[in-house]
Undergrad: 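One structure, pasted below without further comment.
Throughout, a chain's letter reflects where its sequence line sits, starting with A, and its residues are numbered from 1.
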Amino acid sequence: MSTESQIQLTLPDGSVREYDAGTTGLQVAESIGRGLAKAAVGIELDGEVMSLQLPITQSAAMKIFTRDSKEGLQVLRHSAAHVMADAVKRIRPKAKLWKGPPVDDPRYGFYYDIDFGDEPITVDDLPKLEELMREIIKSNVPFELRELDRPAAIKLMEEHNEDYKLATIAKIPEDQSLTFYHSGNFVDLCKGPHVPTTAKVGDGIAVLALAGAYFGDNADNKMLTRVYGHAFADKKAMAAHRKNLEEAAKRDHRRLGVDLDLFSTMGELGAGLILWHPKGGFVRHKVEEFWKNEHLKGGYDLVYSPHIAKSELWQTSGHLDFYKESMYSGIDIDGSEYLLKPMNCPFHVQMYKTKRRSYRELPFRWAELGTVYRYENQGSLHGLLRVRGFTQDDAHLFLREDQVEAEITRCLHFVVDMLRAFGFDEYEMMLSTRPDKSVGDDASWQKATEALRKALESVGLGYEMDEGGGAFYGPKIDVKIKDSIGRTWQCSTIQADFNLPERFDMTYIAKDGERTRPVMVHRALLGSLERFFGILVEHHGGAFPVWLAPVQAVILSVGERHADAVDQMSRTLKERLLRVDADTNSDKIGGKIRNHLWQEKVPMVAVVGDQEFENGTVTVRSRVGGDLGTMTVAEFGDMLEKMVANRE
RNA sequence: GCUGCUAUAGCUCAGUGGUAGAGCACCUCCUUGGUAAGGAGGAGGUCCUGGGUUCGAGUCCCAGUAGCAGCUCCA
């Protein structure tokens, strides 16, 4: 590290500027332009984000972040967290701070975990907190960085009674510096970066919610109070964010489940158990029908298995050892204990074992829409997305080693095609590798992981690694889809399994006549029908495409004299297996259109008045396409059929 | 499971310890009309369940159940 008196800063456009060493980022921004200085909240030097107000001592590649950039918002939100903690300490001086980072969450920009001791905070305090934040922001005190030696740092935190910060200091290696950011009387152990002064946090802030969070994110520890807030570049951006959330709430599958009469849950049944109403049930039927047909086309066989089995089966499979706490307790039948199935695999394995298998027969591809039951913590249940009884679109492949790579690649293409058929083009893919606690030899893990990787590369979509995130029995690919507010949920999965073939001593007779262990792959394309349906509802905002819609069209009578014709028309179309209802109520036509097209989210309505009555035609209006003009009933039927065929 | 909050009509929600409310939806009648709410009337309640305090509980307290937000977990 050399000390220079002049430093050279290379800007993103490639231009190089020279400054005195010790010039601050803010001064650099000012030298470039007043507007930039005003909007700037942080800088990056050689890839490291840093506070704007700190002196720059060395030549570097430099970027200046404005308050609306991704990195700038991080700095802004982190600073807002400090301001919020400052506000908290003003109304609860005894509160002890733990940590307050910015977060990448669709609804919250930052939080602060705080131990309120015997003076808890309530939601009624949140407006007061926000008001105090605005005062602190207005007071425009600078964020100042101070580096302290260990004894001084400990002394400072002792003075402030910050037990958790003292614990943090104890964990920081001796050779690492201890930095604090002061803003007025508030001080926090913190690496930064922060905006130069509190005023820079701006007016796009909100204190939003309270929740519990374990100290150290560990369920064995004490629970602290997490205060959530958000911060945007300005008021306008905050307003836009709130508007987005409102729009997202309208797409919430739990809301739409009630409004559109798709499904329900009820206390009398028990938590996490779903009632599929006729309309939701119909969409599920269409999903299942499509799914089954695609599997038959793809060389799969459909199989079925029971919902319960003797505990010995689960003992052999390993589920009783590894997942007992997720399984429902036993049912006594003739003195034997039976358990509800949490997975379908042991059944398929047993099916495999009913006879001697030859290498000539492989691969087997056995698919089942298998309903399983798993205990999930009450607090994790969430509409259709996390439930206790659900139907997996499961399949198990039993393969020779030489078939693994090709079959896995085939599976992944199947995943992508299936998701695309339902309108999903955006998802996250993860490749999860061997965890610490696992079975199987290194070579097998290596091979299977490579097969999965090659499959991912063959579909040409990006993926992330989750090192050590695999199942204990093998590596896997997971596909996650976003819900209406941007939370991701695992749907598709492809998993290699070295455990079950071993445990159940599965074999086939290889070409050389030797008993050989098959490779087993578990895969689900949709994940569970419940979860997938929930996300499907949110994806379409409840407005299903024609091929899935429980009601595809409603024919509306303008006046009383058109009622019989409308009934007749809907009957004609129903005979063509189109899902077309008649509305001959005495409401006005505008009201009927509003009801069906906009409230029930039916894709099409067809109006019949005097003119149509005379000619045997309908005037069609589509939810998405607007006025489609007048056509004969037969033509309307053709149009709907064509849309179904194209899966529109 | 943990922290906090919530539970009143089908839905959204008011309701101060003293006779249960509104809007929408529903039913009936009037209206027969032309592309996002025509009018009038009516019916609809175990105020989640159980216990407690009180002369009296939808309201206050406790427990359970269920839901919401987050944490933990998620084969």
Side-chain angles (χ1 to χ4, degrees), chain A residues 103 105 107-108 111 113 115-116 120-124 208-228 252 254-255 258-259 261 264-273 317-319 322-327 342-345 372 374-383 385-388 392 394 435 470-474 476 478 485 487 489-490 493 495 497 499-500 522 524 527-528 531 556-563 584-599 605-612 619-621 623 626-627:
Chain A
V103 287
D105 184 287
R107 275 166 304 170
Y108 307 113
Y111 63 78
D113 283 349
D115 184 355
F116 284 93
I121 193 170
T122 73
V123 280
D124 299 330
L208 293 172
L210 297 176
Y214 295 108
F215 169 66
D217 298 324
N218 183 337
D220 297 331
N221 290 342
K222 182 176 180 174
M223 185 160 267
L224 310 179
T225 304
R226 178 166 292 182
V227 187
Y228 278 101
D252 190 311
R254 295 167 300 181
R255 173 79 257 138
V258 176
D259 288 350
D261 199 14
S264 62
T265 58
M266 54 196 313
E268 287 85 341
L269 292 187
L273 303 172
S317 70
H319 289 100
F322 281 89
Y323 305 110
K324 193 174 198 310
E325 67 287 355
S326 298
M327 292 176 67
M343 303 189 96
N344 304 300
C345 2
V372 298
R374 300 178 185 178
Y375 175 77
E376 300 284 354
N377 284 334
Q378 173 107 38
S380 345
L381 300 174
H382 183 94
L385 302 185
R386 189 84 178 270
V387 294
R388 285 179 175 164
Q392 294 182 300
D394 215 351
F472 76 89
Y473 50 71
K476 58 178 184 168
D478 290 328
I485 52 169
R487 286 181 292 204
W489 297 87
Q490 186 192 309
T493 186
Q495 313 176 342
D497 187 343
N499 183 49
L500 289 182
H522 310 243
S528 92
R531 178 175 287 183
L556 316 176
S557 57
V558 172
E560 210 168 351
R561 61 186 169 277
H562 316 124
T584 56
N585 288 330
S586 63
D587 300 324
K588 288 181 82 170
I589 200 71
K592 291 188 193 186
I593 287 170
R594 175 178 169 272
N595 288 343
H596 299 297
L597 216 50
W598 305 107
Q599 294 210 303
V605 293
V607 176
V608 177
D610 283 339
Q611 194 141 16
E612 293 84 355
T619 300
V620 178
R621 186 158 154 181
R623 234 185 71 85
D627 186 3

Undergrad: To the nearest angstrom, how far is A/H596 atom NE2 from B/rA37 atom P?
TA: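 Taking atom P of B/rA37 as the reference, NE2 of A/H596 is at 14 Å.
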Undergrad: Dump the pairs, protein N or O against N or O of nucleotides 71-75 of chain B, anything under 3.5 Å, distances to one decimal.
TA:
{"residue": "B/rC71", "atom": "O4'", "partner": "A/G212", "partner atom": "O", "Å": "3.2"}
{"residue": "B/rC71", "atom": "O2'", "partner": "A/Y214", "partner atom": "N", "Å": "3.2"}
{"residue": "B/rC73", "atom": "O2", "partner": "A/R386", "partner atom": "NH2", "Å": "2.7"}
{"residue": "B/rC73", "atom": "N3", "partner": "A/R386", "partner atom": "NH1", "Å": "3.3"}
{"residue": "B/rC73", "atom": "N3", "partner": "A/R386", "partner atom": "NH2", "Å": "3.3"}
{"residue": "B/rC74", "atom": "O2", "partner": "A/R386", "partner atom": "NE", "Å": "3.1"}
{"residue": "B/rC74", "atom": "O2", "partner": "A/R386", "partner atom": "NH1", "Å": "3.1"}
{"residue": "B/rC74", "atom": "O2", "partner": "A/R386", "partner atom": "NH2", "Å": "3.1"}
{"residue": "B/rA75", "atom": "O4'", "partner": "A/Y323", "partner atom": "OH", "Å": "3.4"}
{"residue": "B/rA75", "atom": "O3'", "partner": "A/Y473", "partner atom": "OH", "Å": "2.7"}
{"residue": "B/rA75", "atom": "O3'", "partner": "A/Q495", "partner atom": "OE1", "Å": "3.2"}
{"residue": "B/rA75", "atom": "O3'", "partner": "A/Q495", "partner atom": "NE2", "Å": "3.1"}
{"residue": "B/rA75", "atom": "O2'", "partner": "A/Y473", "partner atom": "OH", "Å": "3.1"}
{"residue": "B/rA75", "atom": "N6", "partner": "A/S326", "partner atom": "OG", "Å": "3.4"}

Undergrad: Enter the distance from A/D217:CG to A/D113:CG here, rounded to the nearest 0.5 Å.
TA: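 So the CG of A/D217 and the CG of A/D113 are separated by 7.0 Å.
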Undergrad: How long is the line joining CG of A/L381 and P of B/rU65, in whole Å?
TA: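 Going from CG in A/L381 over to P in B/rU65 covers 13 Å.
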Undergrad: Which nucleotide wins on minimum distance to the side chain of A/R255, given the candidates B/rU35, B/rA69, B/rU12?
TA: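 For A/R255, the side-chain atoms sit closest to B/rU12.
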Undergrad: A/Y228: which residues meet the ring pair (Phe, Tyr, Trp, His ring centres under 6.0 Å) condition with it, sequence neighbours left out?
TA: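 In terms of ring pair (Phe, Tyr, Trp, His ring centres under 6.0 Å), with neighbours along the sequence ignored, A/Y228 is linked to A/Y108, A/Y111.
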Undergrad: What integer number of Å spans the P atoms of B/rG34 and B/rC27?
TA: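 Their P atoms lie roughly 24 Å apart.
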Undergrad: Just by protein heavy atoms under 4.0 Å, how would nucleotides 22-27 of chain B read 5' to 3' in B, S and -?
TA: ------
Undergrad: Suppose you measure atom P in B/rG42 against the same atom in B/rG21; what distance do you get, rounded to whole Å?
TA: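 Result for the P pair: 14 Å, nearest Å.
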Undergrad: Using the C1' atom as the reference point in each nucleotide, state the distance between B/rU12 and B/rC26 in Å, no decimals.
TA: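 Nearest-Å result for B/rU12 against B/rC26 at atom C1': 16 Å.
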Undergrad: Suppose you measure atom C1' in B/rC62 against the same atom in B/rC68; what distance do you get, rounded to whole Å?
TA: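 The answer is 22 Å between these two C1' atoms.
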Undergrad: Say you pick atom C1' in B/rU3 and the same atom in B/rU54; how far apart are they, in whole Å?
TA: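 Here B/rU3 and B/rU54 have their C1' atoms 32 Å from each other.
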Undergrad: Which residue, A/L224 or A/T265, contacts RNA chain B at a nucleotide closer to its 5' end, judged by nearest heavy atom?
TA: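 Looking at RNA chain B, the more 5' nearest nucleotide goes with A/L224.
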Undergrad: Salt bridge (charged side-chain N to carboxylate O under 4.0 Å, His left out) with A/D610: which residues, sequence neighbours excluded?
TA: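 Partners of A/D610 by the salt bridge (charged side-chain N to carboxylate O under 4.0 Å, His left out) criterion, ordered by chain and then number, come out as A/R561.
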Undergrad: If the cut-off is 4.0 Å, is A/Q378 near the phosphate of B/rG67, judged by side-chain N/O to OP1 or OP2?
TA: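 For B/rG67, OP1 or OP2 has a side-chain N or O of A/Q378 closer than 4.0 Å.
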Undergrad: Report which part of the nucleic acid A/G609 touches: base, sugar-phosphate, or nothing (heavy-atom distance under 4.0 Å, all strands).
TA: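 If one applies the 4.0 Å heavy-atom cut-off, A/G609 turns out to touch a base.
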Undergrad: For A/V258, which residues count as a side chain to side chain contact (heavy atoms under 4.5 Å, CB included) partner, sequence neighbours excluded?
TA: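 Partners of A/V258 under the side chain to side chain contact (heavy atoms under 4.5 Å, CB included) test: A/R255.
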Undergrad: Enumerate, in order of first residue number, the stems that involve RNA chain B, defined as 3 or more consecutive Watson-Crick or G-U wobble pairs with both distances under 3.5 Å.
TA: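 Ordered by first number, the stems with RNA chain B (at least 3 consecutive pairs each) read B:1-7 with B:65-71, B:10-13 with B:21-24, B:26-30 with B:38-42, B:48-52 with B:60-64.
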Undergrad: Is the number of heavy atoms from other residues, nucleotides or ligands within 6.0 Å of CD (A/Q611) greater than 12?
TA: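 Not more than 12 within 6.0 Å, no.
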Undergrad: Considering heavy-atom distances to RNA chain B, does A/R254 or A/K588 have its closest nucleotide positioned more toward the 5' end?
TA: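 It is A/K588 whose nearest nucleotide is closer to the 5' end.
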Undergrad: Could you work out, with side chain to side chain contact (heavy atoms under 4.5 Å, CB included) as the rule, every residue matching A/A271, not counting sequence neighbours?
TA: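 Testing A/A271 for side chain to side chain contact (heavy atoms under 4.5 Å, CB included), a comparison that skips the adjacent residues, returns A/Q378, A/L381, A/R388.
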Undergrad: Please list, chain by chain and in numerical order, all residues satisfying salt bridge (charged side-chain N to carboxylate O under 4.0 Å, His left out) with A/D587, sequence neighbours excluded.
TA: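 Salt bridge (charged side-chain N to carboxylate O under 4.0 Å, His left out) check on A/D587 returns nothing, list empty.
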Undergrad: Does A/H382 make a side-chain N or O approach to OP1 or OP2 of B/rG67 shorter than 4.0 Å?
TA: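 Answer is no, no contact under 4.0 Å.
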Undergrad: For A/R621, enumerate each residue passing the salt bridge (charged side-chain N to carboxylate O under 4.0 Å, His left out) test, keeping only those at least two apart in sequence or located in another chain.
TA: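 For A/R621 there are no salt bridge (charged side-chain N to carboxylate O under 4.0 Å, His left out) partners, ignoring immediate neighbours.
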Undergrad: Over all strands shown, is A/G559 touching base, sugar-phosphate only, or nothing at heavy-atom distances under 4.0 angstrom?
TA: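 The residue A/G559 makes base contact.
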Undergrad: Sticking with atom P, work out how far B/rG44 lies from B/rA36, rounded to a whole angstrom.
TA: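 Pairwise P distance, B/rG44 against B/rA36, rounds to 36 Å.
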Undergrad: List in chain and number order the residues that pass ring pair (Phe, Tyr, Trp, His ring centres under 6.0 Å) with A/H596, two or more places apart in sequence or in another chain; answer none if no residue qualifies.
TA: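 A/H596: no ring pair (Phe, Tyr, Trp, His ring centres under 6.0 Å) contacts found.
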Undergrad: Between atom CG in A/L269 and atom C1' in B/rA66, what is the gap in whole Å?
TA: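 Value for this atom pair: 11 Å.
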Undergrad: What residues form a side chain to side chain contact (heavy atoms under 4.5 Å, CB included) with A/T584, not counting sequence neighbours?
TA: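 Per chain and number, A/T584 pairs via side chain to side chain contact (heavy atoms under 4.5 Å, CB included) with A/S557, A/A563, A/V566, A/D567.
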Undergrad: Using atom P in both nucleotides, what's the gap between B/rG17 and B/rC13 to the nearest angstrom?
TA: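 Looking at atom P only, B/rG17 and B/rC13 are 23 Å apart.
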Undergrad: Rounded to whole angstrom, note down the P distance from B/rG23 over to B/rA14.
TA: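 The same atom, P, in both gives a distance of 16 Å.
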Undergrad: Take the protein atom NZ of A/K592 and the nucleotide atom P of B/rG38, then report the distance between them rounded to whole Å.
TA: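 Atom-to-atom, A/K592 to B/rG38, this comes out as 12 Å.
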Undergrad: Looking at every strand, decide which applies to A/T493 at a 4.0 Å heavy-atom threshold: base, sugar-phosphate, or nothing.
TA: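 Touches nothing.
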Undergrad: Given atom CD1 of A/I593 and atom P of B/rG38, what is their separation to the nearest angstrom?
TA: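 That distance rounds to 12 Å.
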Undergrad: State which residues pass salt bridge (charged side-chain N to carboxylate O under 4.0 Å, His left out) with A/R487; sequence neighbours excluded, sorted by chain then number.
TA: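 Listed in chain order: A/D483.
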Undergrad: Classify the side chain of A/S586 versus the base of B/rU31 as yes if they form a donor-acceptor pair under 3.5 Å and no if they do not.
TA: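 Yes.
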